[in-house]
Amino acid sequence: MELTRPDGSPLRVLVVDDEVNIAELIGMALRYEGFDVSMAHTGAKAVSSARSFGPDAVVLDMMLPDLDGLEVLRRMRATDPDVPVVFLTARDAVEDRIAGLTAGGDDYVTKPFSLEELVARLRGLMRRTGARRAESGSVLTVGDLELDEDSHEVRRAGVEIMLTATEFELLRFLMRNPKRVLSKAQILDRVWNYDFGGQANVVELYVSYLRKKIDAGREPMIHTMRGAGYVLKPA
């Protein structure tokens, strides 16, 4: 399976386990396999990390000190309804509970588990989810903003927005990385395909064009992070 996102960056996995040594081991194995890994040791941290990190998959321990694994899942799914999850469960976990969890297409491994098995389950789950997402058409959605990569149509709250080719590419890059701060250098590299070198003003110019079309008279979605770059967030 290709271990990259559409923009070429590595797939992201959030590992949630209150046993730090287990989380570290899993993280090490996943990094070795080419994933970008973030870790959390409590349910609350897991929920906030899921928002900031935007994982492509989550490895989630069911038994956490503060929040129940199901509650963590519920809160994560409120932000990202499709994020695939591999659950880490104890051997004595109730069967019907597991059945309920995995009915949505998620997977689980019981402790103690082998790292190889966990990685294999994770890859399989991401492959299935990726295929399902691909089948649903190449429409990027962030909040009430939709971008169709095939027809090049863009809509906000159902209203069509006409963009130039460059504005479209800029918006596509922002929408492929929602809630992630993108530097001007990254934007130049991906959208204009050239290195950063006194060209920051072209990025600023096109971001301002895009704002006029996307955010005009609406709750803003494109935000400037001083000294860092730009981020697109649901209104």
Side-chain angles (χ1 to χ4, degrees), residues 2-14 31 34-39 47-57 78-83 130 133-134 136-235:
E2 193 64 26
L3 287 181
T4 56
R5 306 183 118 202
D7 69 353
S9 61
L11 288 172
R12 298 179 197 154
V13 181
L14 174 62
R31 284 193 187 101
F35 294 102
D36 182 2
V37 179
S38 181
M39 281 183 272
V47 174
S48 64
S49 294
R51 283 201 198 103
S52 56
F53 185 56
D56 297 292
T79 332
D80 184 354
D82 296 324
V83 68
R133 283 179 171 172
S136 65
S138 52
V139 176
L140 301 176
T141 307
V142 178
D144 62 356
L145 186 62
E146 283 186 357
L147 177 148
D148 189 319
E149 294 185 291
D150 293 332
S151 68
H152 278 220
E153 288 175 348
V154 175
R155 287 186 169 78
R156 180 149 185 206
V159 178
E160 189 165 0
I161 296 167
M162 305 306 291
L163 299 181
T164 65
T166 305
E167 290 164 353
F168 180 85
E169 285 307 322
L170 174 58
L171 182 61
R172 170 156 51 184
F173 184 44
L174 290 169
M175 288 183 74
R176 278 181 171 173
N177 295 275
K179 299 185 206 157
R180 187 175 189 185
V181 179
L182 301 169
S183 70
K184 289 175 185 173
Q186 282 175 305
I187 293 170
L188 266 177
D189 182 48
R190 296 285 182 201
V191 180
W192 280 270
N193 297 316
Y194 52 69
D195 290 335
F196 191 71
Q199 304 291 341
N201 54 348
V202 74
V203 178
E204 287 168 20
L205 189 64
Y206 272 90
V207 167
S208 74
Y209 290 159
L210 203 50
R211 275 199 174 117
K212 282 178 187 141
K213 294 184 177 183
I214 301 295
D215 289 343
R218 305 178 176 100
E219 188 78 22
M221 290 181 73
I222 302 168
H223 303 271
T224 303
M225 309 303 280
R226 293 234 170 273
Y230 300 98
V231 62
L232 179 87
K233 293 190 279 197

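This one's a predicted model, so the numbers in the text were calculated from it and none came from an experiment.
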Visitor: Less than 4.5 Å apart, side chain to side chain, heavy atoms only: is that true for T164 and Y209?
Guide: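 The answer is no, as the side chains (C-beta and beyond) never meet within the 4.5 Å cut-off.
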
Visitor: Nearest 0.5 Å please: distance from the CZ atom of R211 over to the CD1 atom of I222.
Guide: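 Answer for the CZ-CD1 pair, R211 versus I222, is 6.0 Å.
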
Visitor: With side-chain contact (heavy atoms from CB on, under 4.5 Å) as the criterion, how do Y230 and V203 come out once you've worked through the C-alpha distance, each side chain's angles and the decisive distance to 0.1 Å?
Guide: CA-CA 10 Å; Y230 300 98; V203 178; 3.8 Å; yes

Visitor: Would you please name every residue forming a side chain to side chain donor-acceptor pair (under 3.5 Å) with T141, sequence neighbours left out?
Guide: none

Visitor: Under the salt bridge (Lys or Arg N to Asp or Glu O under 4.0 Å) rule, what pairs show up with a residue in residues 214-235, not counting sequence neighbours?
Guide: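 Listed by first then second residue: R156-D215.
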
Visitor: Indicate the atoms forming the closest heavy-atom contact of V207 with L170, along with that distance.
Guide: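 V207 and L170 have their closest heavy atoms at N-CD2, 3.9 Å.
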
Visitor: Apply side-chain contact (heavy atoms from CB on, under 4.5 Å) to L174 and L210, showing your working.
Guide: CA-CA 11 Å; L174 290 169; L210 203 50; 4.1 Å; yes

Visitor: With sequence neighbours left out, what residues match V37 under side-chain contact (heavy atoms from CB on, under 4.5 Å)?
Guide: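 Listed in chain order: V15, L30, R31, F35, M39.
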
Visitor: For A228, enumerate each residue passing the side-chain contact (heavy atoms from CB on, under 4.5 Å) test, keeping only those at least two apart in sequence or located in another chain.
Guide: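 side-chain contact (heavy atoms from CB on, under 4.5 Å) list for A228, sorted by chain: V181, M225.
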
Visitor: Taking only residues two or more places apart in sequence or in another chain, which ones pass side chain to side chain donor-acceptor pair (under 3.5 Å) with E146?
Guide: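 E146 satisfies side chain to side chain donor-acceptor pair (under 3.5 Å) with no other residue.
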
Visitor: To check you understand the geometry: which heavy-atom pair defines the closest contact between P234 and G143, and what is its length?
Guide: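 Looking at all heavy atoms of both residues, the closest pair is CB-CA, 3.8 Å.
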
Visitor: What residues, two or more places apart in sequence or in another chain, satisfy side-chain contact (heavy atoms from CB on, under 4.5 Å) together with S48?
Guide: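 Partners of S48 under the side-chain contact (heavy atoms from CB on, under 4.5 Å) test: K45.
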
Visitor: Can any side-chain N or O of R172 pair as donor or acceptor with the backbone N or O of L147 at less than 3.5 Å?
Guide: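 No.
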
Visitor: Does K213 have any salt bridge (Lys or Arg N to Asp or Glu O under 4.0 Å) partners at least two apart in sequence or in another chain, and if so, which?
Guide: E167

Visitor: Mind checking what makes side chain to side chain donor-acceptor pair (under 3.5 Å) contact with R155, not counting sequence neighbours?
Guide: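 Scan of R155 (side chain to side chain donor-acceptor pair (under 3.5 Å), adjacent residues dropped) gives E153.
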
Visitor: Can you list the residues that meet the side-chain contact (heavy atoms from CB on, under 4.5 Å) rule with S52, with sequence neighbours excluded?
Guide: none

Visitor: In Å and rounded to the nearest 0.5 Å, what is the CG to CG distance from L14 to D36?
Guide: 11.0 Å

Visitor: Just grab all the ring pair (Phe, Tyr, Trp, His ring centres under 6.0 Å) pairs involving residues 138-168, residues at least two apart or on different chains.
Guide: H152-F168

Visitor: Taking side chain to side chain contact (heavy atoms under 4.5 Å, CB included) as the criterion, tell me which of K179, H223, M175, R176 meets it with L232.
Guide: M175

Visitor: Testing the basics here: between A50 and P55, what is the closest heavy-atom pair and its distance to 0.1 Å?
Guide: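 In this case the closest contact between A50 and P55 is O-CD, 3.3 Å.
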
Visitor: Checking S38 now: which residues fulfil side chain to side chain donor-acceptor pair (under 3.5 Å) with it, not counting sequence neighbours?
Guide: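 In terms of side chain to side chain donor-acceptor pair (under 3.5 Å), with neighbours along the sequence ignored, S38 is linked to no residue.
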
